[in-house]
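Right, one structure below, let's go through it.
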Amino acid sequence: MAWPTLGLADEVFLGPNSSTSFSVPVPLGLNASRLSGVYHLPMNIGAGYLEIDDGDGKLLASVNLPPAGAAAAVTPFDVDVSAARVRASAVDLSFTVRPIDSADQYCGPLQQLTLSDLATTFTGIEPPATTIASFLPPVLEQVTIYAPTDADASEQQSVLTLVSTLARLYNPQPLRITVVSQRRGSTPPPSAQLARSIVVETGDPGLSVEKPGDPGAYLRVSGHGDELTTQVSLLINELQSLAQVASVRIDQAGSDTEPTGDTVTFGQLKLNGKADVLRTANFSIGVDRATLGGGRVDGVSVHLLADYTPVPRDDAAAVMIRSGGVVVHRATLDDTGVLDATFDVDAKTLGQGINLDFALTYTPHEACGPLMAPITFQVNPKSTLTLHRGGPPLGGFSGLPSEFSPSFLVAFDGSSPNQLGYAARVVGAVARLTGKQLMPQVVDVKTAADATTGALIVANAEAMSKTSLNPPLSGNGKEVDVALPTALRADVGDGLGSIQAFADAPRNRSVVLVTTTGSWTLVDPLFGYLDGLGGGWSQLSGDVLAAGAAGTPVNVAVRTAEDAAESAAPADESRAPVSSGTAIAVAVVLALAVLGAVILWMRRRRTT
């Protein structure tokens, strides 16, 4: 299995005589037998070898590294790691580059070895699930959730809660989660290896493994009304390992405590960072914005404390800190060995992660030699973040997941039998971006449209026209309206399918809309496009992903950040015109990009 499938990086950068360790998850019942990959042309490293050890420091294998001038650009390797012990459903592997000639190790040019295309071969047979504890193994590739074709709101809500939970639990593994409708009371087909089936259906409350020990084993989640979602709380709180039986009933949902107040320590947020510096070093720390709770965050004050090796007066050392690519602090490191700094990170710099990127330099004055040692820089867990609450709702795809944290509404107009599946794919894509559990609540379209809570609405253009929402794209049939400062209306033949994320300023919340002005099949290519993005939802820009009859997805920004800010301003404030002529021209170009694929298709159709 390729390392990205296991939730691990596909590319590893190694320096000389410094170990880099990885915990490789192992599928239930299997053993890691071989490790393969390629190493790239060593950078400034003479002859040597790559040492691969287990978690106890025991040598598992070695790979000879030829001198840089004699090595190929890329060289494959395949080694036996079967002696590595499986602990807590994983094997620990440590990589160390051992140069034979270390003369240039201290002050020469950067020495680096790059490994890529890493994969682990597993041997054995995955046993069928017998208990709830063993039903969700450490490595999983596919989960199919079966819901009744006539699923009610509580069943739909339980399905979406499962999707949100599983996407979070298995991140960063790229778990595929599919929702399938079936006749009520049906039994799902047997699952393939590294796949599981879950049936959600009204019935006596509980979680139960049906057909335990059989290849066709599946998990049944049942209950009435809110009892259905209550059963999922066992997984939400990651306590399924305690349920070492085939069935269990949850009578009361549990929840974790969250940090209280608007000032939290790095220790509470589990933020830590450390680097050994000789010449240069870099590291980053960050917290998921959605986990901060307590309301929207539009700025952060950082009180940073750090300890480092005191720098002799004849040496030079410094630290520069960036957030969102913007320098927020810089300081010279001296002989005190302590950094105590306060700085702000404003709304323009904040993303879905509040990230601090550290760039360190250390230049000793003495001549290079084997006695030269790096300094150590370490962030103190007593550092704090003070959160500034407020600000307008975030528009565009980049507004999620924080605008859906901790809970959001979901609504369907019922115009397509696949709407629960569409919603599940959005929920899964967003939930993968946060360690915070997102809780959906299924309501009707009118309730979702009029609420002041973030909402995911799956409805056609006709249903949306009956609400007061103002999405970037609207219309019906072949007519499409683009919500520019000066509205644009176009005839696009067979309509547009779209996924839209926009700020609903009058209700101080954000909305995601999955809609179509024509057939619901127009939406299908959008999810294929989303699945093909390396970073999923986080790789979307702007506020609209749309496709026409040609099936070519186009990702554009119809409303700019300035438009969103203007729409969020109080109605009684006087302000300048919405946009200049130049901004309108740019917006029109962006809007036409949405329509371009459809127009091209129509032209081709006329000529055939």
Side-chain angles (χ1 to χ4, degrees), residues 1-10 12 19-37 51-61 79-96 115 118-143 165-175 191 193-196 207 209 212-213 217 219 232-246 248 254 256 267 269-272 274 288 291 431-432 434-437:
M1 298 179 68
W3 272 29
T5 304
L6 299 170
L8 301 172
D10 182 50
V12 176
S19 297
T20 302
S21 299
F22 297 90
S23 183
V24 181
V26 178
L28 188 66
L30 277 62
N31 292 293
S33 60
R34 302 196 69 82
L35 174 71
S36 61
E51 178 183 309
I52 303 173
D53 302 329
D54 66 8
D56 296 324
K58 176 184 175 183
L59 178 66
L60 297 174
V79 295
D80 184 352
V81 293
S82 59
R85 295 174 57 187
V86 179
R87 295 175 177 171
S89 302
V91 294
D92 294 326
L93 299 179
S94 178
F95 298 86
T96 310
L115 307 181
L118 293 166
T120 302
T121 300
F122 300 99
T123 56
I125 299 175
E126 181 188 17
T130 57
T131 66
I132 293 170
S134 64
F135 186 81
L136 294 175
V139 178
L140 202 55
E141 294 182 336
Q142 171 78 44
V143 171
T165 303
L166 292 172
R168 175 180 61 85
L169 290 179
Y170 277 92
N171 188 53
Q173 292 182 35
L175 177 65
S191 299
Q193 188 165 338
L194 300 181
R196 291 290 189 266
L207 296 168
V209 177
L219 181 67
V232 184
S233 69
L234 183 73
L235 308 181
I236 292 173
N237 292 285
E238 302 180 40
L239 298 175
Q240 64 271 22
S241 61
L242 300 178
Q244 299 173 18
V245 291
V248 67
D256 284 335
L269 298 173
K270 299 179 181 179
L271 294 178
N272 54 77
K274 178 182 176 182
D288 175 8
T291 65
R432 288 186 180 94
T434 177
K436 175 71 174 179
Q437 177 68 33

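Computation of the quantities below employed the complete heavy-atom set of this structure, encompassing side-chain atoms and omitting hydrogens, waters and symmetry-equivalent molecules. Positions are given from 1, in the same order as the sequence printed here.
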[atom2] on [Y] to [atom1] on [X], rounded to 0.5 Å:
X      : Y      : atom1 : atom2 : answer
Leu35  : Ile52  : CG    : CD1   : 5.0 Å
Thr5   : Leu140 : OG1   : CG    : 12.0 Å
Leu219 : Gln240 : CG    : CD    : 10.5 Å
Thr120 : Arg34  : OG1   : CZ    : 11.5 Å
Gln437 : Leu235 : CD    : CG    : 9.5 Å
Arg168 : Glu238 : CZ    : CD    : 5.0 Å

Between [X] and [Y], what is the shortest heavy-atom contact and its length?
X      : Y      : value
Pro212 : Val209 : CD-O, 3.4 Å
Val248 : Ala243 : CG1-CB, 4.5 Å
Pro4   : Pro174 : O-CD, 3.3 Å
Ser89  : Pro138 : CB-CG, 3.5 Å

Inset, instruction - Using only heavy-atom distances, determine whether the side chains of Thr121 and Ser33 contain a donor-acceptor pair under 3.5 Å. - result: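 Thr121 vs Ser33: no donor-acceptor pair found between side chains.
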Inset, instruction - Apply the side-chain contact (heavy atoms from CB on, under 4.5 Å) test between Leu60 and each candidate in Val79, Asp53, Leu93; give the one that qualifies. - result: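 Filter result, single survivor: Leu93.
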Inset, instruction - List the steps and the verdict of side chain to side chain contact (heavy atoms under 4.5 Å, CB included) for Leu136 and Leu166. - result: CA-CA 9 Å; Leu136 294 175; Leu166 292 172; 3.9 Å; yes
Inset, instruction - Could you tell me whether the side chain of Asp80 and the main chain of Ser82 form a donor-acceptor pair under 3.5 Å? - result: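 Yes; judged by distance alone, with no hydrogens or angles, the pair exists.
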For residues 20-29, which side-chain N or O atoms pair as donor and acceptor with protein atoms under 3.5 Å away, sequence neighbours left out?
residue, atom, partner, partner atom, Å
Ser23, OG, Asp92, OD1, 3.4

Inset, instruction - Could you please spell out the steps behind the side chain to side chain contact (heavy atoms under 4.5 Å, CB included) verdict for Met1 and Leu30? - result: CA-CA 12 Å; Met1 298 179 68; Leu30 277 62; over 6 Å; no
Legend entry - Thr165 side chain reached by Val232 side chain, heavy atoms, under 4.5 Å: yes
With a cut-off of 3.5 Å and sequence neighbours excluded, list every side-chain donor-acceptor pair involving residues 124-132.
residue, atom, partner, partner atom, Å
Glu126, OE1, Leu194, N, 2.9
Glu126, OE2, Arg196, NH1, 3.2
Glu126, OE2, Arg196, NH2, 3.3
Thr131, OG1, Ala133, N, 3.4
Thr131, OG1, Ser134, N, 3.2
Thr131, OG1, Ser134, OG, 3.2

Legend entry - Presence of salt bridge, Asp54 and Arg87, under 4.0 angstrom: no
